[in-house]
Protein chains: 2
Amino acid sequence: MLVLWNGQLLPRTEVQVDLEDRAYQFGDGVYEVIRVYGGQLFLLNPHLDRLVRSARAIRLDLPWSPSQLANQLRELVAANRLVDGAVYLQVSRGVAPRAHAFPRASQPVLVAYPLPASRPTEAQERGVRATFVEDIRWLRCDIKSLNLLANVLAKETAVERGAQEAILHRGETVTEGSASNVFIVQGRVLRTHPANHLILDGITRRFVLDLAAREGISTVEAPFTREDLLNADEAFFTSTTQEIVPIVEVDGHSIGVGVPGPITRKLLRAFHAAVQATIQQEV
Amino acid sequence: MLVLWNGQLLPRTEVQVDLEDRAYQFGDGVYEVIRVYGGQLFLLNPHLDRLVRSARAIRLDLPWSPSQLANQLRELVAANRLVDGAVYLQVSRGVAPRAHAFPRASQPVLVAYPLPASRPTEAQERGVRATFVEDIRWLRCDIKSLNLLANVLAKETAVERGAQEAILHRGETVTEGSASNVFIVQGRVLRTHPANHLILDGITRRFVLDLAAREGISTVEAPFTREDLLNADEAFFTSTTQEIVPIVEVDGHSIGVGVPGPITRKLLRAFHAAVQATIQQEV
């Protein structure tokens, strides 16, 4: 495997992270995961735009423009002959003697490499179980940062409960999943938490809202409660690697009639069509 | 410099962190900073006990007992001929292909190395300025984890405002500093935020509470507001590397009469005496 390391493509074994890299000691950095379909980086520009926003939010100056990053990522995909998978990209504030305040002279450290990813076909057809976990994260969840311990602990709790995903709630309000956004269908309306400081505005979240609009489905970005979710007609989560996955059960309660509902399936068909269009697109 | 790396002492340049170390991608780990005076690790056991508690809180199984860790840290100090300084110690959940949930088989990665530290004599004599910054951290601040981005941003804000430390407040309640605990003196009573999930229970915080009791100073662990702090007779912060530092001004408001007060100075003398006793202790 070749890894993109500060602009160079290196064999995985030659990449050496410094122990005083601020990502290692403070989680002081930001990241993206970008899906690759048919050798194409899916929704690349929105991902890079969000990386720029995340970096700006933690006041990390990126020395690369989005178009430079796009070119480097395309080279990474080509060099690894990556057809179907994902690319993980992270930027830290750099290497400096340990101190909380920003170092006066550090160069950001960029690493990107391929991650395996395959379409969760069975989960999309049958739906999955989820579980409620209290949302104890910080108040800047809109930043896609490397401070992911709360997400890690929530996901692990889900796995231990035999669930696919943790649905986070702050008080009674459902915010998002541990690594996804959560949608519910109430009657003919698709609803998801607004993109404020309490959630990460997922690229797939935004894409699904757009798909819904094109499919004539009404959408509302407004908070909803755990009870709203349990009483919803349908529910699903979205993420870059999972696309759209129906939620059919939460902590033993069936959602709707306990199988993926018609609006979720309609959105899945539209999503798959968009992926097919990407795959067939000329390089 | 020699670095303790999973039980071995290695030259700094030979330590190579893997890019899929979970500390690098998730901040999935815990740490301690331990002060060294006269070649002695100060308050070592409380630090190691807290490391064990932090690890347990994130369900990371430490493969080393506190006494094994103590021995390894003493070897590190000796090998580096460290007399006055500090030791940084971090443990991550280990290296594994990137996924939020815990890896089924990963070995924790331990790194420890010397940090420079000297007594902030001038700051202790004259006192320092601090500034209020909103506390936006997660709700498990009692865990000394590697998710430090909120602390980093708060400290940077303080530096940019010409202050030594950021005093975090959640709503009107003062919690702690960005890398310290905060105390106020009201009349003859020393007051600090209780050790719950909203603050890190500093080893120096606990030590100072004990010193105060021995010096006949009443202590109360109870929340206080920003206004209480501004109206306090004295204020100071505590940390492993800074010991006790008087706060004489917050955002342009003098604390007390704007110089270090008698109770703060009494505690500083007692603290210095304890350090002297450590330095004179037999190895």
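Numbered from 1 within each chain, the chains take letters A, B, ... in sequence-line order.
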Please classify the contact of [X] with chain B as side chain, backbone, both or neither, using a heavy-atom distance under 4.5 Å.
{"X": "Val111(A)", "value": "side chain"}
{"X": "Gln90(A)", "value": "side chain"}
{"X": "Asp21(A)", "value": "side chain"}
{"X": "Leu149(A)", "value": "both"}

More than 12 non-hydrogen atoms from neighbouring residues, nucleotides or ligands closer than 6.0 Å to [atom1] on [X], yes or no?
{"X": "Arg129(A)", "atom1": "CZ", "answer": "no"}
{"X": "Arg56(A)", "atom1": "CZ", "answer": "no"}
{"X": "Glu14(B)", "atom1": "CD", "answer": "yes"}

Item to check | Top contributor to chain B contacts, counting heavy-atom pairs under 4.5 Å, from Thr157(A), Val159(A), Ile143(A), Leu153(A) | outcome: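 Option with the greatest count: Leu153(A).
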Next on the checklist: I'd like to know which of Arg137(A), Arg98(A), Arg93(A) tops the heavy-atom pair count under 4.5 Å against chain B.
Outcome noted: Arg98(A)
Checklist entry - For the residue pair Ala101(B) and Lys155(A), what are the closest heavy atoms and their distance? => result N-CG, 3.8 Å
Checklist outcome for this item: Rounding to 0.5 Å, atoms CD (Glu156(A)) and CZ (Phe102(B)) come to a distance of 4.5 Å
Checklist entry - CH2 of Trp138(A) to CG of Asn147(B): how many Å apart, nearest 0.5 Å? => result 9.0 Å
Item to check | Gln25(A) and Leu148(B): CA distance, side-chain angles, deciding distance, side-chain contact (heavy atoms from CB on, under 4.5 Å) verdict | outcome: CA-CA 8 Å; Gln25(A) 300 189 321; Leu148(B) 291 170; over 6 Å; no
Any [X] side-chain heavy atom under 4.5 Å of [Y] side chain:
{"X": "Arg22(A)", "Y": "Val152(B)", "result": "yes"}
{"X": "Leu19(A)", "Y": "Tyr88(B)", "result": "no"}
{"X": "Asn151(B)", "Y": "Phe26(A)", "result": "no"}
{"X": "Val15(A)", "Y": "Gln16(B)", "result": "no"}
{"X": "Arg140(B)", "Y": "Ile136(A)", "result": "yes"}
{"X": "Asp18(B)", "Y": "Arg12(A)", "result": "yes"}
{"X": "Leu146(B)", "Y": "Tyr24(A)", "result": "no"}

Given a strict heavy-atom distance threshold of 4.5 Å, which part of [X] is in contact with chain A: side chain, backbone, both, or neither?
{"X": "Tyr31(B)", "answer": "side chain"}
{"X": "Thr241(B)", "answer": "neither"}
{"X": "Glu160(B)", "answer": "side chain"}
{"X": "Leu115(B)", "answer": "side chain"}

Checklist entry - Which residue out of Val3(B), Ile58(B), Asp135(B) racks up the most heavy-atom pairs below 4.5 Å with chain A? => result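 Winner by heavy-atom pair count: Ile58(B).
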Checklist outcome for this item: Assert top hit (heavy-atom pairs under 4.5 Å, partner chain A, pool Gly29(B), Ala23(B), Ser92(B), Ala154(B)) equals Ala23(B)
